[in-house]
There are 2 protein chains.
Amino acid sequence: MPNQQDEHESTQERILRVAAEVFARKGYHGTGVAELGEATGLKRGALYYHIGSKEDLLYNLSKRHVEEALDRGKRVVATDLHPVDKLRALAREHVQTIAARRDEVTVVMREMNALTGKRARQLAKLRDEYQDLFTAVLQEGVDEGVFRSADHVTVLGVLGMFNWTYVWLDAERGPLSPEHVADRLTDIVVYGELLTSRGAKRGGRKLTGRA
Amino acid sequence: MPNQQDEHESTQERILRVAAEVFARKGYHGTGVAELGEATGLKRGALYYHIGSKEDLLYNLSKRHVEEALDRGKRVVATDLHPVDKLRALAREHVQTIAARRDEVTVVMREMNALTGKRARQLAKLRDEYQDLFTAVLQEGVDEGVFRSADHVTVLGVLGMFNWTYVWLDAERGPLSPEHVADRLTDIVVYGELLTSRGAKRGGRKLTGRA
DNA sequence: CTCCCGATTGACCGATCGGTACATTGTTAA
DNA sequence: TTAACAATGTACCGATCGGTCAATCGGGAG
């Protein structure tokens, strides 16, 4: 085995890292295995020796990423922080992950549906587990009387706000650290954007529904 | 021209509609032109007569969608509603669009980067215009003293919360109408999730930063 | 030295890719 | 009747697709 220790990174790890880059840039279906080979310095035959199949590569890449994020998230949930601080900590962990592993996040988010069969179901389950982290934190808050709700719409709304940062995070950052962004977004969902002075006494919800 | 009036829908419109369905399901790069042909009942030659190229099709599909959403949004922004109500109305319009045109939204969101060159830039500009709608509404609120902030992070956070509904909206809906969801999410960003009684006097932001 | 084995190469497979050229269809206007 | 025209089908282009396979390489262990 030639340059195994070039950057103390195994071939497997290099393939996963490079695949995340290329998939993020050109899309899973938009990337050929030959192109993956060029980016890794391997010919297609050698590449297949390591990856099994193109879809296996996507699956392993995604699985590893979500499992790692899940581990970090679980550690936060396991703390005994106040619900507001726990939500903030989870948000920080989440946004930091997005900032640090932008390519992987892009692939996991965008290529959700590119996986098929059992693989797709297994990864969906992992994503559900991650979502449950936010449900748990919000529910703790409800139980302690500090949050209003932990239903599906609330959880998905809050999580969506954080998830969407993967689209804009480094395009908009100048002096913006991931922690700064996470804190700001946390404040929005926790405290709201409304100033209490002039707006709070309004009932809101004055619009009539329409289909 | 054969079945032009079969559903009082032109061939062009049928192609755009079907392309949105197939692209949403299999991805832009994951869909072959032949497959598009089968789904529209046209052979590839006939299809190319109408679409020019595959990327033209994606571009026209995306452009039409964003322009229509932009028109509807501009009408809301042009009203003289109270900022909170205007935000709610814009949110409803947005979520209703997502619910009603799910396939198109999926394609526009997911295949952002599949367009190349000038086309990519033109569509990015349209998306920026749409984002500016939310900036404008929030800024009006700030000017009138009812909202706290209209900076980039706030706008992108709020818009992201609404945008992300395209991922989960009809999977989670039982008795949930788009208007219900839009109102709930609007309430979160406007009023926050924190109950005033026990949590408000906390400072929040007690976490120490970490890289 | 030799055997072994992880790693790599290059050739090959059938299928499909996006796109083009051209003949043909059916309808309409002159 | 015929000329024009939009619309469609068929055949073809070179390139690339994902995937397989046998041959080979190179270094460590016996």
Side-chain angles (χ1 to χ4, degrees), chain A residues 1-20 22-23 25-62 107 111 113-120, chain B residues 1-20 22-23 25-62 107 111 113-120:
Chain A
M1 54 187 70
N3 50 351
Q4 186 186 18
Q5 300 292 341
D6 276 9
E7 294 182 357
H8 45 82
E9 179 192 47
S10 74
T11 302
Q12 289 282 354
E13 286 167 345
R14 190 176 77 251
I15 291 173
L16 289 174
R17 175 177 53 80
V18 170
V22 183
F23 285 163
R25 185 157 30 94
K26 319 243 306 185
Y28 171 70
H29 288 298
T31 304
V33 179
E35 192 171 356
L36 245 25
E38 289 168 20
T40 53
L42 260 24
K43 305 294 181 188
R44 295 178 337 127
L47 199 51
Y48 268 99
Y49 173 81
H50 293 284
I51 69 175
S53 76
K54 194 188 169 189
E55 185 169 333
D56 284 347
L57 175 58
L58 175 61
Y59 174 74
N60 292 130
L61 169 61
S62 304
V107 173
E111 314 292 351
N113 301 316
L115 290 168
T116 62
K118 192 186 307 179
R119 298 260 143 109
Chain B
M1 57 187 71
N3 51 351
Q4 185 185 19
Q5 300 292 342
D6 276 10
E7 294 182 356
H8 46 79
E9 179 191 48
S10 74
T11 302
Q12 290 281 354
E13 286 167 346
R14 190 175 77 252
I15 291 173
L16 288 175
R17 175 176 53 80
V18 170
V22 183
F23 284 164
R25 185 157 29 94
K26 318 244 305 183
Y28 170 72
H29 288 297
T31 303
V33 179
E35 191 172 356
L36 245 24
E38 290 167 19
T40 54
L42 260 25
K43 304 296 181 185
R44 297 182 332 135
L47 198 53
Y48 268 100
Y49 173 80
H50 293 283
I51 67 174
S53 78
K54 193 188 170 189
E55 186 170 332
D56 285 348
L57 175 58
L58 174 62
Y59 174 73
N60 292 131
L61 168 61
S62 303
V107 173
E111 313 292 350
N113 300 319
L115 290 169
T116 62
K118 193 186 305 178
R119 299 260 143 109

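Chain letters run A, B, ... following the sequence lines, proteins first, then strands; residues in each count from 1.
Atom CG in L36(B) sits about 10 Å away from atom P in dC17(C), given to the nearest Å. Put simply, NZ on K43(B) is 15 Å from C1' on dT25(C), counting in whole angstrom units. Whole-Å rounding puts the L47(B) CG to dT10(D) P distance at 14 Å. dT8(C) atom C1' lies 12 Å from atom CZ of R14(A), rounded to whole Å. Taking atom CD of residue E35(A) and atom C1' of nucleotide dG18(D), one finds them 14 Å apart after rounding to whole Å. Atom OH of Y48(A) is separated from atom C1' of dC17(D) by 9 Å (rounded to the nearest Å). Distance, K26(A) NZ to dT16(D) P: 11 Å, rounded to whole Å. Atom CD1 of I51(A) and atom P of dA7(C) are 15 Å apart (whole Å).
Taking the side chain of H50(A) as heavy atoms from C-beta on, and the options dT8(C), dG18(D), dG18(C), the nearest nucleotide is dT8(C). Nearest to the side chain of A46(B), among dG10(C), dT8(D), dT10(D), sits dT8(D).
The residue among L42(A) and G52(B) whose nearest nucleotide of DNA chain C lies closer to the 5′ end is L42(A). Closest-nucleotide positions on DNA chain D for G41(B) and A34(A) were compared, and the one nearer the 5' end corresponds to G41(B).
Across I51(B) and D56(B), no two heavy atoms sit closer than the pair O-CB, 3.2 Å. Shown here for I15(A) and T40(A), the closest heavy-atom pair between the two residues is CA-CG2, 4.1 Å.
Between L61(A) and E111(A), every side-chain heavy-atom pair lies at or beyond the 4.5 Å cut-off. Side-chain contact between E13(B) and L16(B) is absent, with no heavy atoms from C-beta onward closer than 4.5 Å.
Not one side-chain nitrogen or oxygen of H29(B) sits closer than 4.0 Å to the OP1 or OP2 atom of dG18(C). Between K54(B) and dG18(C) there is a side-chain N or O to OP1 or OP2 distance below 4.0 Å. The shortest distance between the side-chain N/O atoms of Y49(B) and the OP1/OP2 oxygens of dT8(D) is not below 4.0 Å.
Nucleic acid contact for G45(A): base, since at least one base atom lies under 4.0 Å from a heavy atom of the residue.
Side-chain atoms of Y28(A) come within 3.5 Å of backbone atoms of E55(A) as a donor-acceptor pair (strictly under, hydrogens ignored).
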